[in-house]
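Take a look at the structure set out below.
Here, residue 1 is the first one in the sequence, and each next residue gets the next number. Remember, it's 1-based here, ligands and their atoms both numbered in the order they're listed.
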Amino acid sequence: MLRVQDLATAYGPVRALDGVDLAAEAGVITAVLGANGAGKTTLLRTVSGLAAPNAGTVTFDGEDITGWAPDRIVRRGLAHVPENGGVITELTVADNLRLGGLWRARADRERTRREVLELFPPLAERLDRQAGTLSGGERQMLAIGRALMSGPRAVILDEPSLGLAPMVTARILRVLRELALTVLLVEQNARGALSVATHGYVLSLGRVVADAPAADLLDNDRLRHAYLGF
Ligand code: ATP
């Protein structure tokens, strides 16, 4: 389980996160929603060690990982899929996948690679292609596949549906749910995220303004209109 307590992260005078508390339960999807600038990306960057918090703690399966270097956090089992995927466009699909788990034992890497290619068949057909030639959906599959190559217990994802057709988005969200990992999913596509999530949080100006089971957030007209835009 991933837990964030009283987390504050600032960029100079800008308080991007201001006392955020949240928990992502093991084995299910927790959605983090909110408008542009709400602090969602900063939250994920702070959890994965890419941004340093001014206050608060991040604990993962009972261990305080606050302030750890990003590579140590990945090795401990928490993988980050950044906005736009962050795949290396000049490298092949196969090499991008390889980079996701370089330090793991060969047998583990090969087993996970087979699982990833079963999960995302379009990748299996394009192993030798440069990642830059993939469609948006394939690129997102590669980004998720690369994160899975590290053998994570938890994955945090920044807007995996950005720019994708609804059917592709639905497929990716479905795969995430089937993985049964601990998932913290940041999305602007609130309806799509809540349809696969167990629990949801709404961020606004760096604070949690709602925290409820996903079904309750979907049913709450006031919240939907005020913060979720549908
Ligand atoms: P988006 O959906 O647009 O990515 P977000 O909810 O992810 O939005 P953040 O990107 O975390 O929000 O931004 C939170 C606040 O921090 C915003 O006010 C933003 O302008 C500010 N901010 C983000 N990154 C930086 C930075 N590198 N330097 C200064 N301010 C930043």
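- Here the side chain of K40 pairs a donor or acceptor atom with the backbone of A35 at under 3.5 angstrom.
- Counting only distance, with no hydrogens or angles, the side chain of R146 and the backbone of G86 share a donor-acceptor pair below 3.5 Å.
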Go through the steps to decide whether L127 and L97 satisfy the test side-chain contact (heavy atoms from CB on, under 4.5 Å), and finish with yes or no.
CA-CA 9 Å; L127 281 171; L97 288 176; 4.2 Å; yes
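- Protein heavy atom closest to atom 12 (O) of ligand 1, with residue, atom name and distance, is G39 N, 3.1 Å.
- The N/O atoms of A16, backbone and side chain alike, include none that comes under 3.5 Å of an N/O atom in ligand 1.
- Judged by distance alone, the side chain of Q130 and the main-chain N or O of G132 form no donor-acceptor pair under 3.5 Å.
- In this structure, G34 has no heavy atom closer than 4.0 Å to ligand 1.
- Of the protein's non-hydrogen atoms, N36 OD1, 3.6 Å is the one closest to atom 1 (P) of ligand 1.
- Listed for the R104 side chain is a donor-acceptor partner under 3.5 Å among the backbone atoms of M149.
- Heavy-atom separations between A35 and ligand 1 include at least one value shorter than 4.0 Å.
- Checked by atom type and distance alone, the side chain of D64 never pairs as donor or acceptor with a backbone atom of T59 at under 3.5 Å.
- Comparing L17, L33, T41 against atom 10 (O) of ligand 1, the shortest heavy-atom distance belongs to T41.
- In this structure, atom 14 (C) of ligand 1 is in close contact with the protein, since a protein heavy atom lies within 4.0 Å of it.
- For atom 11 (O) of ligand 1, the closest non-hydrogen atom on the protein side is T42 OG1, 2.5 Å.
- The cationic atom of R75 (NZ for Lys, CZ for Arg) lies less than 6.0 Å from the six-membered ring centre of W103 and within 45° of the ring axis.
- Expressed to the nearest 0.5 Å, how far CZ of F60 lies from CD1 of I65 amounts to 7.0 Å.
- For T89 (side chain) and A131 (main-chain N/O), no donor-acceptor pair under 3.5 Å exists by modelled atom type.
- The closest donor-acceptor contact from the side chain of E138 to the backbone of P122 lies at 3.5 Å or more, if one exists at all.
- When each atom of ligand 1 is checked for a heavy atom of A38 under 4.0 Å away, the hits are 5 (P), 6 (O), 12 (O).
- Protein heavy atom at the shortest distance from atom 23 (C) of ligand 1 is Y11 CE1, 3.3 Å.
- Within ligand 1, the atoms closer than 4.0 Å to a non-hydrogen atom of Q188 are 2 (O), numbered from 1 in the order shown.
- Remark: minimum distance from atom 17 (C) of ligand 1 to any protein heavy atom is reached at G37 O, 3.7 Å.
- The E83 neighbourhood of ligand 1 comprises atoms 4 (O), with distances under 4.0 Å to a heavy atom of that residue.
- By the 3.5 Å distance cut-off applied to N or O atoms, V14 is not counted among the residues near ligand 1.
- Only side-chain heavy atoms of E159 come within less than 4.0 Å of ligand 1; its backbone N, CA, C and O stay farther off.
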